[in-house]
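What follows is a short report on a single structure.
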Number of protein chains: 2
Amino acid sequence: MEYNSKQIEILNISLKLFAEKGFDGTSIRDIAKAADINVAMISYYFGSKEKLLEAIVINRVSGFSMILENLQTEEISPVEKIKKFVALYITRLFQNKDFYQIVHFEIVNQKRACDFSAFSEIKKKNLLLLENIIAEGQKANVFKSISNPHLIPAIIIGTFSQVYNNKKFYYELLNLKNEKEFENYIANDFKEEITNVVLGMLIK
Amino acid sequence: MEYNSKQIEILNISLKLFAEKGFDGTSIRDIAKAADINVAMISYYFGSKEKLLEAIVINRVSGFSMILENLQTEEISPVEKIKKFVALYITRLFQNKDFYQIVHFEIVNQKRACDFSAFSEIKKKNLLLLENIIAEGQKANVFKSISNPHLIPAIIIGTFSQVYNNKKFYYELLNLKNEKEFENYIANDFKEEITNVVLGMLIK
DNA sequence: GACAAAATTAAACAAACGTTTAATTTAAAC
DNA sequence: GTTTAAATTAAACGTTTGTTTAATTTTGTC
């Protein structure tokens, strides 16, 4: 699908509003006002409010880069691969936090007939990639055999959202002053700590 | 606040519906139909839809038992305390999953002027308790010094919600057939694995 | 059984919702 | 400059929303 700049602006603004106030909590008029367009333009461009949500999903998922997927072929040690896996995962989470927020709600919700199969496919691919890295590490005798590789993405995503959604609490706790400092915390300390947790689960 | 059985039923049914479909996605008429009462009864009993949400929050938080808090005084080793801490935490999460779902959304949302201070207080108390157990373990020379005790509740809550909200995915992955089997997985394997992750972060 | 208070009802309320209409403006093509 | 299609608008559409009203039924008390 090809979108003009106005359509892309609508997509981005409604992504932000849906993440902030929820799909049901955001009205067409909210979006129109924020995007400085007429309410009719949303139906005109996307058909309906639900189809706008679908457009957001397709638009975002198709934009997910293949960086993670290319990790497999890199010639680095399994430990380094895990480190990179976690780092890339967290970066992607941070960059798409609004989108993950919406997806999270919609998957729980089941109210809308929204198709997340493309999203699920990516998750399955990521899990497969992770399992391969772990198998590689076991062959090299540096990783132990674990029964729960699927818990690793759950820990990364879950802990990240938990921290992000309680931003206020962590601002106080970690003496963070603004969004930039929070981003730094995620990109440095948080990333390192989660990496250690994951490696702790794997290394012999 | 004293509630009669009809009021408690409304509280429970709207808790379930708000968790399933969101606050904005649930209408007064949805609740009235599910609880088999007239729409006017909700305003009559609780004042408004928002005040109903507040009543749910107060009702639930006040019901949180003191079991976790009493852990401090038990005469068991720090390692055993951590095991019990994680186990109790996960049990509480599972028993109140609908409530956590709502709180999670409302905290992110900021749309409603809902008071979660009592909830935050409990979280702070839990974190303090955890820090005390860790300090105890460090004194006994079994725990290392860690900079991030706050990440432990985030890991427990985050991973749990991540797994619970992707139930379908995990049903397939773990060959679970029904809610009962899922509950068993949480109460056994999941609990054990998360305990190991947490202990892995702490033990020397 | 008469009375007062509480519970419950159907109906109505105004406001907000997503969507559609029909008219107007803008842009592009010749 | 005229023509044609696309973009944009204000207004209206029928529903649904949360809430209130006023009437009715139920309940408890003497």
Side-chain angles (χ1 to χ4, degrees), chain A residues 1-59 98 102 105-106 109-115, chain B residues 1-59 98 102 105-106 109-115:
Chain A
M1 196 69 71
E2 294 284 307
Y3 295 121
N4 62 43
S5 64
K6 206 75 203 166
Q7 284 170 307
I8 291 171
E9 204 194 334
I10 294 172
L11 285 172
N12 289 335
I13 284 178
S14 43
L15 172 83
K16 195 174 151 254
L17 289 177
F18 288 162
E20 257 176 38
K21 315 200 288 173
F23 181 82
D24 292 310
T26 308
S27 73
I28 291 287
R29 285 166 180 83
D30 288 336
I31 300 169
K33 191 177 280 180
D36 197 31
I37 50 155
N38 189 278
V39 279
M41 292 306 289
I42 286 154
S43 300
Y44 178 70
Y45 275 141
F46 299 98
S48 71
K49 193 186 171 189
E50 277 210 27
K51 280 180 187 162
L52 170 61
L53 178 61
E54 278 179 50
I56 290 174
V57 174
I58 294 168
N59 186 253
D98 284 348
I102 297 171
F105 186 78
E106 291 303 316
N109 214 321
Q110 306 276 40
K111 229 187 149 196
R112 258 78 55 184
C114 209
D115 180 26
Chain B
M1 196 70 72
E2 293 285 306
Y3 294 120
N4 62 43
S5 64
K6 205 76 204 168
Q7 285 170 306
I8 291 170
E9 203 195 336
I10 295 172
L11 284 173
N12 289 334
I13 284 179
S14 43
L15 173 82
K16 197 174 149 252
L17 289 178
F18 287 161
E20 257 176 37
K21 315 199 288 173
F23 180 82
D24 292 309
T26 308
S27 73
I28 291 286
R29 285 164 181 83
D30 288 337
I31 299 168
K33 192 177 279 181
D36 197 30
I37 50 156
N38 188 279
V39 280
M41 292 307 288
I42 286 154
S43 299
Y44 178 71
Y45 275 142
F46 300 97
S48 71
K49 193 187 172 190
E50 276 211 29
K51 279 180 186 162
L52 169 61
L53 178 61
E54 278 179 49
I56 291 174
V57 174
I58 293 168
N59 186 252
D98 283 348
I102 297 171
F105 185 77
E106 291 303 317
N109 213 322
Q110 306 277 42
K111 228 188 147 197
R112 257 79 55 184
C114 210
D115 181 25

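Chain letters run A, B, ... following the sequence lines, proteins first, then strands; residues in each count from 1. Not measured: the values here are computed from a predicted model.
Heavy-atom contacts from other residues, nucleotides or ligands closer than 6.0 Å to NZ of B/Lys6 number more than 12. Around the NZ atom of A/Lys16, the shell of radius 6.0 Å holds no more than 12 heavy atoms that belong to other residues, nucleotides or ligands.
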From CA spacing to verdict: side chain to side chain contact (heavy atoms under 4.5 Å, CB included), A/Lys111, B/Thr26: CA-CA 10 Å; A/Lys111 229 187 149 196; B/Thr26 308; over 6 Å; no
Test side chain to side chain contact (heavy atoms under 4.5 Å, CB included) applied to A/Ile8 and A/Asn12, step by step: CA-CA 6 Å; A/Ile8 291 171; A/Asn12 289 335; 3.6 Å; yes
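Taking the six-membered ring where the residue is Trp, the centroids of A/Phe105 and B/Phe105 are separated by under 6.0 Å.
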Under 3.5 Å, sequence neighbours excluded: what are the donor-acceptor pairs made by side chains of residues 33-40 of chain A?
| unit_1 | atom_1 | unit_2 | atom_2 | d |
| --- | --- | --- | --- | --- |
| A/Asn38 | OD1 | A/Ala40 | N | 2.9 |

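A heavy atom lying under 4.0 Å from DNA chain C marks none of the residues of residues 4-14 of chain A.
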Nucleic acid footprint by protein, nucleotides 15-29 of chain D - heavy-atom cut-off 4.0 Å, B for base, S for sugar-phosphate alone: --BBBB---------
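Checked by atom type and distance alone, the side chain of A/Asn109 never pairs as donor or acceptor with a backbone atom of A/Glu106 at under 3.5 Å.
Considering every non-hydrogen atom in both B/Ile31 and B/Ser14, the closest pair reads CD1-CB, 3.8 Å.
A straight line from CG of A/Asp36 to C1' of D/dT8 spans 12 Å, rounded to a whole angstrom. Nucleotide C/dG18 holds its C1' atom 11 Å from the CD1 atom of A/Ile31, rounded to whole Å.
Nucleic acid contact for A/Tyr45: sugar-phosphate only, since backbone atoms but no base atoms lie under 4.0 Å from a heavy atom of the residue.
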